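Here the structure is laid out as structure tokens; the discussion comes afterwards.
The model shown is predicted, which means the values in this text are computed figures rather than measured ones. Just so it is clear: chains get the letters A, B, ... in the order the sequence lines come, proteins before strands, and each one is counted from 1.
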Number of protein chains: 2
Amino acid sequence: MVHHGGRAGGDGRAGLDDVARLAGVSLSTASRALNNHPQVAAATRERVLAAAAGLDYVVSPDASRLAGRSSRARVAVVVPHLSRWFFGRLLEGLEVGLRDGDPDGGAGVDQLLFLVGDVAGRRAFFEDLPARRRVDAAVVVGFEVDEVEQRRLELLGVSIVSAGGPREPFPSVTVDDLRAGRQAVDHLVHLGHRRIGMLATADPADRGPDLRSRAYRTALTDAGVPDDPDLVVRVPFGPAGGAEGMGRLLGLRRPPTAVFAYSDEVAAGAVRAVQRAGLRVPDDISVVGIDDHPLAGLLDLTTVAQPVHEQGVVAGGMVRVLLAGGDPPPSQVLPTHLVLRGSTAPPGAAGRAET
Amino acid sequence: MVHHGGRAGGDGRAGLDDVARLAGVSLSTASRALNNHPQVAAATRERVLAAAAGLDYVVSPDASRLAGRSSRARVAVVVPHLSRWFFGRLLEGLEVGLRDGDPDGGAGVDQLLFLVGDVAGRRAFFEDLPARRRVDAAVVVGFEVDEVEQRRLELLGVSIVSAGGPREPFPSVTVDDLRAGRQAVDHLVHLGHRRIGMLATADPADRGPDLRSRAYRTALTDAGVPDDPDLVVRVPFGPAGGAEGMGRLLGLRRPPTAVFAYSDEVAAGAVRAVQRAGLRVPDDISVVGIDDHPLAGLLDLTTVAQPVHEQGVVAGGMVRVLLAGGDPPPSQVLPTHLVLRGSTAPPGAAGRAET
DNA sequence: TTGAAAGCGCTAACAT
DNA sequence: ATGTTAGCGCTTTCAA
């Protein structure tokens with residue numbers, strides 16, 4: 001039996017040779033026609049296109065790129081979580097930044113998603129991924145990349161961009177957590193609070209060095225408030241964590257009059273715990289968070305807002321620059337700002353106001 | 001100048017031939033060694049591995065797969081949003097379902113992320129993607145796939161799984177929205193409400209046919225309550241939408257005594273609007289949502305819970321079955337259940353209780 | 001404007 | 001256990 005082109009038996013997918021034969025042209029002409037080469041006769045192109053359509057032909061991206069056609073770039077998007085608003089929102093921005101200015105809606109770069117919740121998954125990503133599924137760039141969201149990991153990727157020629165995490169030795173977009181923390185705590189201090197508690201993250205892997213806690217400490221020091229380790233409790237992410245931590249703070253012989261939570265979702269739980277304890281926010285206890293989560297307004301939560309979507313957009317732009325072979329763009333630190341709402345007030349407001 | 005293997009000049013990435021030469025073996029032996037073939041001598045493998053390491057060699061996934069090695073599968077994950085808890089959470093489940101039982105943490109399938117917020121993006125996905133970046137399967141989350149789109153994918157041999165959206169003609173995991181809606185509205189009816197409003201989605205593209213509204217209507221009909229179009233307002237997703245919609249409901253000559261919101265995030269805004277209007281929940285107005293969002297508890301929101309993470313896990317499992325060449329697994333409808341909290345109460349409770 | 005031929009980098013039969 | 005030889009499906013010189 002003569003093998004005259006086409007894939008396998010009658011079932012396989014149509015190949016370029018099938019198209020060529022059906023159109024009555026050579027393989028190369030078919031290829032050119034499909035790739036919009038200028039030097040094919042209009043009529044010929046028509047025929048090829050028709051043949052391709054008729055056969056439901058689709059190129060093999062693998063063969064195509066192997067043969068030289070630099071197909072679309074691929075970027076690995078590495079995130080530790082996805083159910084937290086921050087990450088999802090940032091990824092929405094990333095998508096925008098990656099596609100930006102791309103007239104043709106379909107172009108752009110492909111995003112490979114890597115959900116590396118735990119340390120193990122993360123290590124697996126850095127060891128395994130780049131080697132076997134080649135990506136051209138990686139954007140890591142919300143966590144630190146250590147030197148070994150970084151070198152590994154560099155070696156493979158994949159450029160890295162970091163977003164929403166600690167400032168890295170490579171291009172990154174972030175917010176100044178030290179400053180954000182100070183904005184929150186200073187606000188409390190300015191209000192007159194001296195006994196301020198902190199709900200800090202229990203998972204240092206989340207964002208690298210715990211800058212928010214550091215900010216808390218220095219803010220208090222600067223304000224001349226002596227350190228009290230009891231006032232810092234580390235809690236898991238989320239309302240439950242916040243509630244539990246606040247419970248512990250409330251149980252102290254001298255509870256704080258204000259609390260700084262490392263995230264709105266934690267702050268929300270804290271507010272609830274205060275209310276459950278029969279106390280009021282902000283009359284008895286002030287609470288301030290970070291993020292300006294979409295639901296923060298509902299809870300009337302004072303918070304330090306950070307531009308989450310924009311961090312994604314910027315990161316996407318950086319990736320595009322890198323992909324285009326440009327020089328590593330300078331890192332950017334986006335501004336945060338205090339959003340005053342009803343969860344903070346001067347200490348002892350309980351006795352005075354009755355609003 | 002003799003071309004004796006190796007890529008381009010001195011700069012290009014090392015190729016398998018370079019490794020082979022350095023290790024003093026043939027190309028195929030090198031390949032076998034790197035692919036853990038059993039029939040290579042331990043010593044040889046060592047040498048090859050060392051050579052590869054020394055040259056920072058990484059296989060070309062394209063060439064590899066072209067040549068026959070069916071590398072890891074790729075699945076397209078198509079979502080309309082990512083900053084909404086539902087989608088992020090479902091994707092976390094998907095990840096789990098896709099990796100399930102995979103001892104080696106790195107194995108599994110690659111996920112290509114497609115964020116198709118608007119109709120245009122979605123159309124682009126269905127027209128363009130399958131053709132140029134081949135994926136082996138696609139899981140569409142939270143929206144309907146029309147027949148043309150479906151056919152297009154089938155043609156290309158990519159199997160589809162639908163999760164968290166309308167029940168499709170292909171394998172899907174969902175929740176019975178009709179039933180979920182009834183659970184919510186029936187609860188209100190049982191409480192004694194007759195004048196019930198609905199905050200329905202303004203974006204029908206989100207989840208296909210608006211089953212939750214349909215449930216609302218039939219529940220009322222079954223309860224013998226006459227239809228009142230004024231009581232259904234369509235609002236955009238989120239707290240702002242909920243607040244605005246509730247505002248409209250409150251502005252009616254005869255406002256409802258209870259409201260069913262199509263999502264907790266909308267319900268939350270509704271609750272807030274009620275409070276801002278100087279009324280109380282649930283004393284003056286009851287509010288019930290859907291999802292059991294992590295923050296629903298904080299807001300003391302009565303809601304109909306759905307297993308979001310699990311929908312993702314199940315979808316992931318289905319994809320694995322399909323990828324393994326198995327028969328299309330049967331669709332699954334996961335159960336929902338009413339979560340009683342403090343945002344609902346019998347009508348007219350305002351006058352009676354003082355809690 | 002089109003065809004023929006030579007690979008892209010790798011794997012998988014076949015041989016040995 | 002290792003080497004040889006065909007390709008995988010496509011793009012691209014090089015010729016015509």
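- Regarding contacts with the backbone of C:dG3, a side-chain N or O of A:Thr29 is found under 4.0 angstrom from either OP1 or OP2.
- Taking 4.0 angstrom as the limit, B:Thr44 places a side-chain polar atom (N or O) nearer than this to OP1 or OP2 of D:dT2.
- C:dG3 atom P lies 12 Å from atom CG of A:Leu16, rounded to whole Å.
- B:Ala33 and B:Arg45 get closest at one heavy-atom pair: O-NE, 3.7 Å.
- Pairing each heavy atom of B:Ala30 with each of B:Leu16, the nearest pair is CB-CD1, 3.7 Å.
- Of the candidates D:dT11, C:dT2, D:dT2, D:dT2 carries the atom nearest the B:Val40 side chain, counting heavy atoms from C-beta on.
- Rounded to a whole Å, the CZ atom of B:Arg45 is 13 Å from the C1' atom of D:dT2.
- Put simply, B:Ser64 has no side-chain N or O that comes within less than 4.0 Å of OP1 or OP2 on C:dC10.
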Show your working on side chain to side chain contact (heavy atoms under 4.5 Å, CB included) between A:Gln111 and B:Leu115 and close with a plain yes or no. CA-CA 10 Å; A:Gln111 300 175 49; B:Leu115 210 36; 5.7 Å; no

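- Summary of the strand contacts: B:Leu27 and B:Leu66 both lie near DNA chain D, and taking for each the nucleotide with the nearest heavy atom, the more 5' one is attributed to B:Leu27.
- In this structure, B:Glu46 atom CD and D:dA1 atom C1' are separated by 16 Å, rounded to whole Å.
- Distance A:Gln39 CD to D:dT12 C1': 11 Å, rounded to the nearest Å.
- Rounded to whole angstrom, the span from the CG atom of A:Leu34 across to the P atom of D:dG9 amounts to 16 Å.
- Taking the six-membered ring where the residue is Trp, B:Phe126 and B:Phe143 present perpendicular rings, their angle passing 60° and hence far from 30°.
- Protein atom CZ of A:Arg32 is 13 Å distant from nucleotide atom P of D:dC14, rounded to whole Å.
- One finds the OG atom of A:Ser26 at 6.0 Å from the CZ atom of A:Arg32 (value rounded to the nearest 0.5 Å).
- Atom-to-atom, CG of A:Leu55 to C1' of D:dG9 comes out at 15 Å; the value is rounded to the nearest Å.
- You'll find a donor-acceptor pair under 3.5 Å spanning the side chain of A:Ser28 and the base of C:dA4, going by distance alone.
- The interatomic distance linking A:His37 (NE2) with D:dC14 (C1') rounds to 14 Å, in whole Å.
- No hydrogens or angles were tested; on distance alone, nothing pairs the side chain of A:Arg65 with the base of C:dG9 as donor and acceptor under 3.5 Å.
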